[in-house]
Amino acid sequence: MSTTKTITLNNLREEYEREVTAPVAHQEVKIELSLFERLYNISALRKGFILVLLAVIWQIYAVNLNNELMFPTFSDTIKGLGQVIQSGELVNRTLTSLKVLSIAYTSGILLAGTLTVIAITTRIGTDLLETLTAMFNPLPAIALLPLALLWFGLGNPSIIFVIIHAVTWPIALNIYSGFMGVSNTLRMVGKNYELTGLRFVFKILIPAAFAHILTGLKVGWAFSWRTLIAAELVFGVSSGSGGLGWFIFEKKNQLDINLVFAGLLTIIIIGVVVENVIFKFIEKRTVIKWGMKF
Amino acid sequence: MSTPSTPHIPFVDVRHLTLQYKTTEHLVTATHDVSFHVEKGDRLILLGPSGCGKSTILKAIGGYMKPVGGSINLNGVEIKKPGSDRGMVFQEFDQLLPWKTALENIVFAIRETSQCSEVAAIQEARKWLKKVNLSKFENSYPHALSGGMKQRVAIARCLALKSKVILMDEPFASLDALTRQKMQEELFELWQETKFTMVFVTHSIDEAITLGTRIVMLSPHPGQVVAELNVDLSAYDSRNHPELIELKERISRILFKDQLDYVI
Ligand SMILES: Nc1ncnc2c1ncn2[C@@H]1O[C@H](COP(=O)(O)OP(=O)(O)OP(=O)(O)O)[C@@H](O)[C@H]1O
Ligand SMILES: [Mg+2]
């Protein structure tokens, strides 16, 4: 070895040929994780931990503050929450809100869907959609409340009107940009099967643009939920049965501040559940399964 | 061939075809005065350099583009719009519907273009998947298939339409050489089973000779027909037969008259 032997690239490594072995069934490699590591790997658990921490901070702060009119403790809030759930009051209010919301949300989706289908099939429809969204998308829904009051009076129709306004434009924009982004190849495949009109829209465009559509629905949901609560806070009552927003307003007037907090908590919980359970579920079943989103 | 009493009507008759693209700024002439015939059972190859208008001609036969001059007739009827009698396989890998599995893609094609029942369509689709050796992957979504597998599904899907003519736009262009050769062989075997009529676009001389019965050669942009040749690979016992090598040289001479060392 010590003798001078020139090393070239060619004699550095031996050449070889070999038979490949039959593929071994995939072997799982067991890696020992400590209990802490295993728990830490569960995302829900990490988030749950943060929630608990927040609750503890809340509790400590509120106990120290000792002013239940300004900032009730976490335990009081939970106790209040339990009471209004048991008495059925909160459940009724929530159902009222959700009913109004689903009417407005589905109307908004249908309106947005119709507008976009017209927009992609006719040139004037495109102009119409572009003009309308440019005009109305920046207009905050709450700004329409006084007008809604004037036209529809105090009550649900007014709220539905402003929510439809809040959801239609962002949903329409997303569906439209989704449709426009459908690849020319897929369109040609659809035409090859002689799909035209609504059959083309439903069998090619909608599934192909589903990632965008879902985004639109999510944004629309967030807008509608916020608008609903805001609108109810302003004038949610008709025939004594308002929704969640009204519940909060009412409890503030009665100085049941822990119930105000309970109402807010309910709003948050419903928002989180819809985002992280319902929409996640739809996503897993569709766009993630199809490889359109990861 | 044709008896004098009944004049022969070509199966696909492309006559003086001129195709243009209108962009906002100018008019691009893609092909100029292109004529050729496709006969039943033909494997007609459109061969030419990149940008000469091969895909454009195929799109016109597919009915996706209106000619500015000339006409295309299928069975004596002028082609006006897309239809399932002209099944198409595209060059792009995104031609499978991503929301449907390999099997569902074929089932969808069958059911949208015929009165087939669900059960019969599934059976038929399985048969076609088997022919392209993808039975194991019938439940895979396109995003989980390799490029070559996707093209095989697309070919199976297209053949399942039982179109009068099959239009293929460089379906193997973006595959590696080995896969490409294998797929050419597969396609040829499929053809031997059903003897479909096919118009196949390529810019590879080897592929043209391997697959074709007749080669239509186009000049660089704007595409014009510069030659038509008959080929029959099965007449030769080896791919290195001197006549084949001579044929290749002849084709490249025709295609690249003065740029002899042009490589495609
Ligand atoms: N959508 C379009 N708009 C304007 N011009 C186009 C369009 N598509 C193609 N062209 C032009 O038409 C000509 C022919 O294009 P085509 O796609 O048919 O070429 P090709 O022969 O298929 O080339 P390749 O082998 O690279 O696929 C090109 O010069 C191109 O510039
Ligand atoms: Mg092309």
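None of the values given here were measured: they were computed from a predicted structure. Below, read A as the first sequence line, B as the second, and so on, with proteins coming before strands; counting in each chain starts at 1.
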Query raised in the report: Between the side chains of Glu194(A) and Ser84(B), does any donor sit under 3.5 Å from an acceptor?
Result: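 A pair is found: one side chain offers a donor N or O, the other an acceptor, under 3.5 Å apart.
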Query - Largest heavy-atom contact set with chain A, pairs under 4.5 Å, which of Asp85(B), Asp94(B), Leu97(B) - result: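 Greatest number of close heavy-atom pairs with chain A: Asp94(B).
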Query raised in the report: Distance from Met188(A) atom CE to Glu92(B) atom CD, nearest 0.5 Å?
Result: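 That separation rounds to 8.0 Å.
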**Report entry** Side-chain heavy-atom pair Leu161(B), Tyr193(A) within 4.5 angstrom cut-off
**Finding:**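 They are in side-chain contact.
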Requested in this report: Report yes or no: does Tyr141(B) contribute a side-chain atom to a donor-acceptor pair with the main-chain N or O of Gly291(A) at less than 3.5 Å?
Outcome: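 Looks like no, no N/O pair under 3.5 Å.
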Over 12 foreign heavy atoms within 6.0 Å of [atom1], [X]:
{"X": "Leu51(A)", "atom1": "CG", "result": "yes"}
{"X": "Lys195(B)", "atom1": "NZ", "result": "yes"}
{"X": "Tyr21(B)", "atom1": "OH", "result": "yes"}
{"X": "Lys81(B)", "atom1": "NZ", "result": "no"}
{"X": "Arg226(A)", "atom1": "CZ", "result": "no"}

Work out which heavy atom in [X] is nearest to a heavy atom in [Y]; give both atom names and the distance.
{"X": "Asn192(A)", "Y": "Met88(B)", "result": "OD1-N, 2.9 Å"}
{"X": "Val189(A)", "Y": "Gln95(B)", "result": "CG2-O, 3.5 Å"}
{"X": "Pro98(B)", "Y": "Trp290(A)", "result": "O-CB, 3.5 Å"}

So which part of [X] gets closer than 4.5 Å to some heavy atom of chain A, the side chain, the backbone, both or neither?
{"X": "Leu96(B)", "answer": "backbone"}
{"X": "Lys59(B)", "answer": "side chain"}
{"X": "Arg157(B)", "answer": "side chain"}

Requested in this report: Check whether Ile204(A) gets within reach of chain B through its side chain, its backbone, both or neither, counting any heavy atom under 4.5 Å.
Outcome: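 Both the backbone and the side chain of Ile204(A) come within 4.5 Å of chain B.
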**Report entry** When Lys191(A), Lys289(A), Met292(A) are compared by non-hydrogen pairs under 4.5 Å with chain B, the top option
**Finding:**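 Maximum pair count with chain B is reached by Lys289(A).
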